[in-house]
Amino acid sequence: MKNDAKTQETESGRGGPGGRDRNPAGDLLPVEEARRRILALVPILAAVEVPILELRGQVLAEDIRAGEDIPPFDNSAMDGYALSAADVAAATPTHPVALEVVEHLPAGTVSRRTLAAGQAARIMTGAPIPPGADAVVMVETTDGGRERVLVRGGVRPGENLRRRGESVVAGEVALARGTVLRPAEMAMLATLGRTRVRVIRRPQVALLSTGAELVPPDATPGPGQIRDSNRFGLLGQVAELGCVSIDLGLAGDDAAQLRALIDRGLGDADCLITSGGVSVGDFDLTRRVLGEFGPVESWRVAMKPGMPQVFGLARGKVVFGLPGNPVSSMIVFDQFVRPALLKMSGHRQLERPRWPAILDEPIHKPAGKVHFLRAVVENRAGILHARTTGPQGSGILKSLTLANALIILDRDVTRVEAGERVTVELFDRPV
Ligand code: AMP
Ligand code: MG
């Protein structure tokens with residue numbers, strides 16, 4: 001039993017002898033070639049100026065130079081006493097040194113005097129160091145009153161100080177063009193006083209589902225009908241990338257309806273995505289109607305799931321016709337639309353890192369296509385282990401909901417045994 005290999009199911013209803021999957025492998029467009037063609041056509045969008053709170057995840061379109069030193073003044077890293085290190089050089093717990101406390105400096109206040117020998121200032125974290133002090137002794141090594149403090153240990157000059165400019169020096173490029181703006185970069189912009197900066201615009205992505213059998217998710221399907229799920233999965237994927245989605249809704253398998261929705265979508269969107277109606281059996285409705293708007297091609301990509309696809313330009317906008325099977329649509333988005341939208345958004349890292357993992361179960365597959373298996377990857381004692389999420393049919397959404405990763409098996413691979421190494425891509429969620 002334990003050596004029972006999982007044999008990958010065929011695309012629902014399309015496999016088998018004489019089926020359309022049986023075309024010779026040479027017919028199929030390699031995955032890397034499809035990705036290369038897509039990325040070659042996709043533009044990087046223009047820059048816009050955006051307020052700081054709206055730019056998370058966007059890509060900086062300008063170098064940000066510091067207008068001033070950060071921190072702008074030497075200040076205390078501790079709550080304690082600012083003093084001259086020389087004054088307490090001899091201090092020990094048994095022979096403390098007494099100093100006169102001449103000032104109290106909470107954060108936000110500035111000293112009005114220069115410390116003389118034998119004097120200290122009570123100081124809080126972040127308050128500027130008074131002239132005459134060159135170190136701060138922390139409150140824990142003192143016994144203090146308001147007027148006199150006993151210091152029970154020495155400090156080195158400079159100890160417990162934060163120096164002017166130690167984070168960023170005036171004139172330095174604090175954030176380079178091309179940087180992806182995460183919360184840390186938002187904080188850096190704020191500290192530099194840059195409340196608006198130029199970033200690459202977020203792509204607007206229009207989405208529609210095709211299929212006469214589909215009803216909206218809040219409807220009860222009649223006989224032979226199912227709920228439209230692809231649009232919602234795809235809308236989620238668009239949102240995860242920080243793009244703005246335009247939900248065009250549902251088109252049946254009706255050319256006029258499809259044409260009207262595509263026409264509307266192409267108005268505002270930078271990219272239009274359809275799902276369904278791209279396989280040969282669907283009399284190629286999506287490709288035909290998209291083709292009225294510009295040069296588009298039907299592709300048969302050497303991948304599973306997700307072989308049939310449409311790609312091209314419609315009215316100058318990038319369009320993707322994704323296959324209708326629920327898992328296929330999301331995997332094709334993940335592998336092709338995601339890098340395209342990242343490129344549009346100005347990102348340089350377009351693909352997820354891939355990692356080696358130990359396969360915990362044997363897998364057999366036919367040669368000819370890259371397989372993207374939905375998987376659970378776990379870190380066990382510093383080594384990644386991968387197993388599939390169960391049945392991998394292209395309509396089985398549960399294979400995706402249970403997954404935190406993809407196992408990627410190359411075209412020529414036909415079997416991998418338990419314990420052998422495979423390549424995985426981790427989704428953006430904790431392993
Ligand atoms: P198609 O690519 O249009 O031939 O569809 C392939 C399979 O995916 C069929 O079983 C469809 O019913 C199903 N399908 C197509 N579009 C959707 C959708 N938006 N939501 C859920 N299932 C779909
Ligand atoms: Mg259909």
Side-chain angles (χ1 to χ4, degrees), residues 8-16 19-23 28-29 34 205-239 245-262 265 272-291 296-301 303-312 319-337 369 372 374 391-401:
Q8 294 309 306
E9 293 148 53
T10 53
E11 299 270 328
S12 57
R14 302 234 168 78
R20 286 180 293 274
D21 268 3
R22 300 262 307 169
N23 289 329
L28 302 180
L29 186 62
V205 182
L207 263 144
L208 67 90
S209 292
T210 71
E213 75 282 23
L214 303 177
V215 296
D218 55 359
T220 305
Q225 295 184 323
I226 56 170
R227 296 192 183 90
D228 172 13
S229 60
N230 292 358
R231 193 154 41 96
F232 299 86
L234 295 168
L235 284 167
Q237 288 178 300
V238 167
S245 59
I246 302 168
D247 182 3
L248 298 172
L250 256 175
D253 283 319
D254 172 83
Q257 206 181 347
L258 187 54
R259 187 177 296 119
L261 287 187
I262 290 170
L272 178 114
I273 300 172
T274 69
S275 95
V278 296
S279 49
V280 183
D282 280 300
F283 54 89
D284 218 6
L285 183 66
T286 305
R287 194 207 57 78
R288 193 158 51 76
V289 177
L290 278 173
V296 298
E297 289 178 27
S298 278
W299 286 352
R300 298 173 69 258
V301 181
M303 66 188 287
K304 184 187 173 93
M307 178 189 66
Q309 299 172 30
V310 168
F311 175 71
V319 291
F320 292 91
L322 306 187
N325 279 307
V327 177
S328 310
S329 68
M330 293 187 70
I331 295 291
V332 175
F333 183 103
D334 187 67
Q335 293 296 312
F336 295 121
V337 185
K369 291 180 185 172
F372 295 90
R374 284 72 72 201
Q392 296 282 308
S394 56
I396 301 178
L397 266 181
K398 198 165 74 175
S399 70
L400 262 179
T401 60

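Both ligands and their constituent atoms are indexed starting at 1 by order of listing.
- The atoms of ligand 1 that sit less than 4.0 Å from any heavy atom of Gly277 are 1 (P), 2 (O), 3 (O).
- Within the listing of ligand 1, atoms 4 (O) sit less than 4.0 angstrom from a heavy atom of Ser279.
- Counting the atoms of ligand 1 from 1 in the order shown, those under 4.0 Å from a heavy atom of Ser209 are 19 (N).
- The side-chain heavy atoms of Arg287 and Val296, taken from C-beta on, include a pair separated by under 4.5 Å.
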Show every donor-acceptor pair shorter than 3.5 Å between a side-chain atom in residues 210-224 and any protein atom, with sequence neighbours excluded, or say none if there are none.
from: Thr210; atom 1: OG1; to: Ser275; atom 2: O; distance (Å): 3.0
from: Thr210; atom 1: OG1; to: Gly276; atom 2: O; distance (Å): 3.2

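- Taking CH2 of Trp299 as the reference point, atom CG of Leu28 lies at 13.5 Å (rounded to 0.5 Å).
- Ligand-side atoms of ligand 1 in range of Asp228: 18 (C), 19 (N), 20 (N), range being under 4.0 angstrom from any heavy atom.
- Residue pairs meeting the salt bridge (charged side-chain N to carboxylate O under 4.0 Å, His left out) criterion with at least one member in residues 225-235, sequence neighbours excluded, are Asp228-Arg231, Arg231-Asp247.
- Within the set Gly395, Pro217, Gly324, Ser275, the minimum heavy-atom distance to atom 13 (C) of ligand 1 is found for Gly324.
- Those atoms of ligand 1 with a heavy atom of Arg227 less than 4.0 angstrom away are 20 (N), 21 (C).
- On a distance-only criterion, Arg231 and ligand 1 share no N/O pair closer than 3.5 Å.
- Judged by distance alone, the side chain of Arg374 and the main-chain N or O of Phe372 form a donor-acceptor pair under 3.5 Å.
- Within the 4.0 Å heavy-atom criterion, neither part of Pro308 lies near ligand 1.
- A donor-acceptor contact shorter than 3.5 Å is absent between the side chain of Asn325 and the backbone of Ser328.
- In terms of polar-atom proximity, defined here as any N/O pair under 3.5 Å, Pro323 makes no such contact with ligand 1.
- Contact annotation: the side chain of Val337 never approaches that of Val205 to less than 4.5 Å [non-hydrogen atoms, C-beta and beyond].
- Residue contacts with ligand 1 for Ser329 are absent, since no atom lies close enough (heavy atoms, distance under 4.0 Å).
- For Thr286 (side chain) and Gly277 (main-chain N/O), a donor-acceptor pair under 3.5 Å exists by modelled atom type.
- Inter-residue side-chain proximity for Ile262 and Leu208 is flagged as met; some heavy-atom pair is nearer than 4.5 Å.
- Shown in contact with Leu214 at under 4.0 Å from a heavy atom are these atoms of ligand 1, numbered in order with element: 16 (N), 17 (C), 18 (C), 19 (N), 20 (N), 23 (C).
- Residue Pro326 places a heavy atom under 4.0 Å from ligand 1.
- Of all the heavy atoms of Ser229, the ones lying under 4.0 Å from any atom of ligand 1 are found in both the backbone and the side chain.
- By the criterion of a heavy-atom distance under 4.0 Å, the side chain of Glu213, and not its backbone, is placed next to ligand 1.
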